[in-house]
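Every chain is numbered from 1 and lettered A, B, ... according to where its sequence line falls, protein lines coming before strand lines.
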Amino acid sequence: MAVKKYQTHHGMHDLLPDEIATWQKLESIIHDVADRHHFKEIRTPILEPTELIARGIGQLTDIVSKEMFSFERGEDQYVLRPEGTAPVARAYVQHSLHQRGGSQKLFYIGPFFRAERPQKGRQRQFHQFGAELIGSPDPMADIEIISFMMDIYNEIGLTDTSLKLNSVGNPESRKQYKEALQDYFRPHLNEMSEISQNRFETNPMRILDSKEKEDQPIIENAPKIADYLTPESQAHFDKVQRYLDQLGIPYELDSRLVRGLDYYTETAFELISDQIGSQDALGGGGRYDLLIEEVGGPSTPAVGFACGIERLLLAAEAANLQLGTSAPLDVYIVTRGEKAREWALNNLSTFRSKRLRTTMNFDGKSMKAQMKDADRNAARYCVIVGDDELETDRFTLRDMSSSEEQPYTFEDLIHTVANSK
RNA sequence: GAGCCUGUAGCUCAGCUGGUUAGAGCGCCAGGUUGUGGCCCUGGAGGCCGUGGGUUCAACUCCCAUCAGGCUCCCCA
C-alpha cells in the first residue's frame with residue numbers, strides 16, 4: 001500500500017547536514033561580533049499576540065494586511081512573528097527594561113514567517129539576525145547599530161555591498177512632506193500606475209519606491225524629504241552622515257529609500273547586494289522612536305536593524321566565500337568479528353573523552369565497507385581491530401592520508417592520536 | 001496576489017515532429033583483494049517520467065487542473 005509522501009509547506013525548507021557547518025559558522029560570527037559590540041542576545045517566543053504585531057508594524061502594511069500566519073485558540077489570537085523588532089519592543093516594555101538604567105543593546109537571531117509568494121531570496125520561513133539599541137536618541141546610537149551590522153559583513157568578507165541612507169524625518173516633517181507629495185502627484189495621477197494611484201491617499205511616500213515604468217519620470221522630479229526635514233531632524237541626519245564619514249563607512253544617500261514598516265522615524269538605511277536577484281536587500285533598519293510608546297511603554301527612542309540569513313548566504317555563495325566546513329572525523333574504529341565490535345563499542349568513550357571525534361560502523365558490514373565509510377567521512381585515522389589485535393593487545397593504527405599502519409598498545413594509540421591534532 | 005518559464009533515478013541532465021522492455025555521468029550496494037579506503041574493472045539496486053484528469057488505437061512527449069521550484073511584478077530580510 002502506497003503511503004502518502006509528506007513534504008514541507010510552500011516556501012519552507014529543511015536545512016540538511018551538508019549546510020549546517022555554514023550556518024553554524026555564520027551564527028558563531030554573529031555571536032562573536034555581537035559580543036565585541038556588547039550587544040546581549042534576547043530570545044522571544046515564535047508566537048506573539050496578533051494585536052502586538054498589527055499595532056507595532058502598522059495595520060496598513062502588507063505584512064499585517066496579507067502576509068501573516070495567524071490562528072485563534074480560545075480567546076487568544078496568535079501570530080507567527082513576521083519580524084523581530086515589535087517582539088523585542090514588547091519584551092522591553094513587559095519586563096520594564098528601561099528601569100535598569102542606561103540604554104539596552106539587544107540582538108536576536110532566529111526564524112520568522114511571512115505568507116508571501118516564495119522566490120529566490122524570499123521564503124515563507126526565513127531567518128534573520130538583528131539588533132536593537134533602545135533608549136538613546138543620539139545619532140551615535142544609529143552609528144553603533146550600523147557599524148555592528150557592517151562589521152558582521154566585513155567579518156564574513158562580504159564587502160561587495162552598498163549601504164543606502166535616508167532620513168524619513170519625524171512625524172511633523174513627514175506630515176508636511178506627505179502633503180507636498182500629494183500636491184505634486186495629484187495633477188499626474190491619471191498617468192500613473194494603478195498601484196501608485198492606490199497609494200496616493202494611504203501612503204504617498206511609498207509611491208517613491210515604485211518600479212513601474214510610467215511612474216519613473218514623475219517620481220524623478222518629486223519633492224525630496226530632505227527639503228521638509230525639521231531643523232532637529234536635519235541636524236540628526238547630518239550627524240549620522242558625519243560620523244559615518246569619520247568612521248570610513250561608505251554609504252550612498254537615497255532620497256527614495258522608504259522603509260515598509262510604519263514605525264520608522266528619522267534615519268533609514270538598507271544594505272543592498274546586486275548579486276542575489278531581485279530580492280536585493282540584505283538587511284535594513286533605522287530609527288523607531290515611536291514604537292515603544294505604541295506598544296504600551298514609556299516614550300523611548302530606539303534604533304535597530306535586521307538582516308536576512310538566507311540572503312546573506314546567497315551573497316556569500318555568489319562571492320565564492322566558503323564560510324564553514326564540517327569537521328573531519330578523528331578516528332573510525334574498523335572491526336572484524338563480533339568480539340572486536342564489542343571491544344569497539346566499549347572503547348568509543350575512551351577516545352571521545354579525549355575530545356576525539358570517534359565513530360564505528362553500526363551496520364555490521366565488511367572491513368572494506370567500513371574503510372570506505374571511514375574515507376567518506378574524511379577520517380584521519382582508522383583503528384583496526386580483529387582477533388589478532390585482541391590476542392596481542394596491540395592495535396593497528398592506520399593513517400588514512402599516508403596509508404601507513406603501525407601497531408600500538410591501546411594507551412600509546414590514544415596518546416598518539418590525541419597528540420596529532 | 002498577477003504574469004511568464006520549468007518539473008524524467010539520491011544529484012546533474014539526455015530522450016527527434018506521440019509509437020514496442022525510459023537512458024548517461026556522478027552517487028549508492030556488491031564482487032575483483034575470504035583483514036583494509038581513495039584509482040581501475042565487473043555486476044547490481046533504484047524511476048507507474050511531480051500529482052490528478054482529458055485527447056488518442058497509443059502520451060514522458062499534446063491539453064487542462066493542481067502541487068513544487070525559478071524569473072519578473074508586488075513586497076521585503
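Judged as a salt bridge (Lys or Arg N to Asp or Glu O under 4.0 Å), and not counting sequence neighbours, the contacts of E155(A) are R36(A). T396(A) pairs by the side chain to side chain donor-acceptor pair (under 3.5 Å) definition with E389(A), not counting sequence neighbours.
A straight line from NZ of K120(A) to P of U72(B) spans 8 Å, rounded to a whole angstrom. The distance between atom OH of Y381(A) and atom P of U36(B), rounded to the nearest whole Å, is 22 Å. Put simply, CG on L282(A) is 9 Å from C1' on A77(B), counting in whole angstrom units. As rounded to whole Å, 13 Å separates atom P of G70(B) from atom CD1 of I276(A). Rounded to whole Å, atom P of G10(B) lies 15 Å from atom CG of L16(A).
The shortest distance between the side-chain N/O atoms of H10(A) and the OP1/OP2 oxygens of G69(B) is below 4.0 Å.
The nearest heavy atom of RNA chain B to T8(A) and to G284(A) marks one nucleotide each, and the one closer to the 5' end goes with T8(A).
Contacts of D388(A) with the nucleic acid, taken as non-hydrogen atoms under 4.0 Å apart, include base atoms.
The aromatic rings of H31(A) and F107(A) lie perpendicular to each other, with more than 60° between the two planes, well past the 30° mark.
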(message) Output one letter per nucleotide in nucleotides 25-34 of chain B: B when a protein non-hydrogen atom lies under 4.0 Å from the base, S when only the sugar-phosphate is that close, - when neither is.
(response) ---SSS-B-S
Collect all protein-nucleotide pairs involving nucleotides 43-45 of chain B in which both atoms are nitrogen or oxygen and the distance is under 3.5 Å.
none

Atom pairs, N/O to N/O, protein against nucleotides 51-53 of chain B, distance under 3.5 Å?
none

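Checked against A77(B), G38(B), C67(B), the side chain of Q7(A) finds its nearest nucleotide in C67(B). You'll find that the side chain of R117(A) is closest to A2(B), out of G37(B), C74(B), A2(B).
Secondary structure note: stems in RNA chain B built from 3 or more consecutive Watson-Crick or G-U wobble pairs under 3.5 Å occupy B:1-7 with B:67-73, B:10-13 with B:23-26, B:28-32 with B:40-44, B:50-54 with B:62-66.
T85(A) and E132(A) share a donor-acceptor pair across their side chains, judged by distance under 3.5 Å alone. With 3.5 Å as the limit, one finds no donor-acceptor pair spanning the side chains of H13(A) and Q125(A).
For an aromatic pair to be called close, the ring centres must be under 6.0 Å apart, and F148(A) with F305(A) satisfies this.
Taking only distance into account, the side chain of E270(A) never meets the base of A77(B) through a donor-acceptor pair shorter than 3.5 Å.
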